[in-house]
Number of protein chains: 2
Amino acid sequence: MRNTKQKELIFKIISSSYNHLTAQEVYTEARKEIDNISLGTVYRILNNLADNHQIVRIKTKSGVDHYDRKEQEKHNHFICDNCGKIFDVYNAEYLYDDKELSDFQINNVDITFSGICNECIKGRN
Amino acid sequence: MRNTKQKELIFKIISSSYNHLTAQEVYTEARKEIDNISLGTVYRILNNLADNHQIVRIKTKSGVDHYDRKEQEKHNHFICDNCGKIFDVYNAEYLYDDKELSDFQINNVDITFSGICNECIKGRN
DNA sequence: TCCTTATCAGTAACGATTACTATTTGTTTT
DNA sequence: AAAACAAATAGTAATCGTTACTGATAAGGA
């Protein structure tokens with residue numbers, strides 16, 4: 001794994017931002033520094049960094065992935081249905097009981113479990 | 001809103017299935033009855049039915065939407081990371097406390113809130 | 001400095017979904 | 001029942017986020 005200015009730049013952009021950036025947003029930001037950086041390069045580096053747990057990939061149901069700097073404290077997310085922005089939520093259980101106390105207008109709480117189903121564990125798929 | 005055989009067929013396919021079908025799966029099934037039905041038609045009808053709350057649209061982070069017949073009881077979902085199948089989970093709080101008791105190998109629990117953020121409420125976006 | 005090869009820029013391809021358009025087909029009106 | 005109108009359709013093109021490919025570039029060890 002080599003050290004390139006592209007990799008350093010993208011890591012810097014993610015780690016210095018308090019937003020949850022999309023690949024496009026990172027690309028726009030990166031072009032200010034390296035004007036001919038390729039969008040494919042941005043995607044590849046973001047994926048590498050996420051796979052190596054240097055940054056966090058946040059997949060969303062809208063189909064647009066976001067990337068965030070590595071946080072220590074475990075938390076959940078609020079996604080705005082209007083603008084698509086992602087906000088950190090540190091008091092999930094609290095909010096789940098009383099949505100009215102939130103800073104946001106929470107219309108939905110989605111709990112999804114993931115892992116491996118029985119058929120796949122048994123190697124049938 | 002007109003009554004067409006395409007609409008009736010797709011509603012029948014969804015309501016008689018105990019799986020959470022994708023548009024492609026509905027399309028494959030529908031072609032057995034109407035051999036030249038269009039994939040676009042399947043998507044449009046699925047969207048119409050979901051918008052009218054006659055069926056349920058399940059958006060996933062994999063980017064593939066699934067559709068399900070209307071259930072009365074509120075429940076959550078388990079998504080297999082290997083085969084992509086979706087299973088109903090009726091005992092979420094229970095599982096959240098003790099993942100070992102599940103029928104599945106649960107690797108992750110994702111809680112995401114959605115709605116409208118403050119900026120959008122104030123009409124700034 | 002040279003060599004090897006990982007990484008890059010640029011572009012093409014992908015997969016799920018949506019949009020477009022000429023044609024067909026429900027439904028209403030005569 | 002035939003004509004007329006518009007909603008819905010089949011077929012296809014386009015979109016959007018993302019990934020794959022390819023020849024050129026450059027990191028870093030010998």
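Here is how names work: the chains are called A, B, and so on, in the same order as the sequence lines, proteins then strands, and each is numbered from 1.
Taking atom CD on A:E25 and atom C1' on D:dG17, their separation rounds to 13 Å, with Å as the unit. Taking atom NZ of B:K7 as the reference point, atom P of D:dA7 lies 11 Å away to the nearest angstrom. Atom pair A:Y27:OH and D:dG17:P shows a separation of 14 Å (rounding to whole Å applied).
Under the side chain to side chain donor-acceptor pair (under 3.5 Å) criterion, A:Q6 pairs with no residue, sequence neighbours left out. With sequence neighbours left out, B:I79 forms a side-chain contact (heavy atoms from CB on, under 4.5 Å) with A:T112, B:T60, B:I86.
Smallest separation of non-hydrogen atoms from B:R69 and B:S15: CD-O, 3.3 Å. Annotation for A:H66 and A:G84: closest pair CE1-O, 3.8 Å, computed over non-hydrogen atoms.
Taking the centre of each ring, B:H20 and B:H77 come in below the 6.0 Å mark. In summary, the aromatic rings of A:F104 and A:F87 are positioned with their centroids under 6.0 Å apart.
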Which letters describe nucleotides 21-30 of chain C, given B = protein heavy atom under 4.0 Å from base, S = only from sugar-phosphate, - = neither? ----BBS---
Exercise answer: donor-acceptor pairs, residues 34-41 of chain B side-chain atoms, under 3.5 Å, sequence neighbours excluded:
from  : atom 1 : to    : atom 2 : distance (Å)
B:S38 : OG     : B:G40 : N      : 3.3
B:T41 : OG1    : B:R44 : NH2    : 3.3

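In this structure a side-chain-to-backbone donor-acceptor pair under 3.5 Å is present from A:S16 to A:K12.
Contacts of residues 8-24 of chain B with DNA chain D (heavy atom under 4.0 Å): none. Within residues 36-57 of chain A, the residues having any heavy atom closer than 4.0 Å to DNA chain D are, in order of number, A:L39, A:Y43, A:N47.
Counting heavy atoms from C-beta outward, B:K70 and B:V56 have side chains that approach closer than 4.5 Å. Side-chain atoms of B:R57 and B:L46, non-hydrogen and from C-beta on, never get closer than 4.5 Å to each other.
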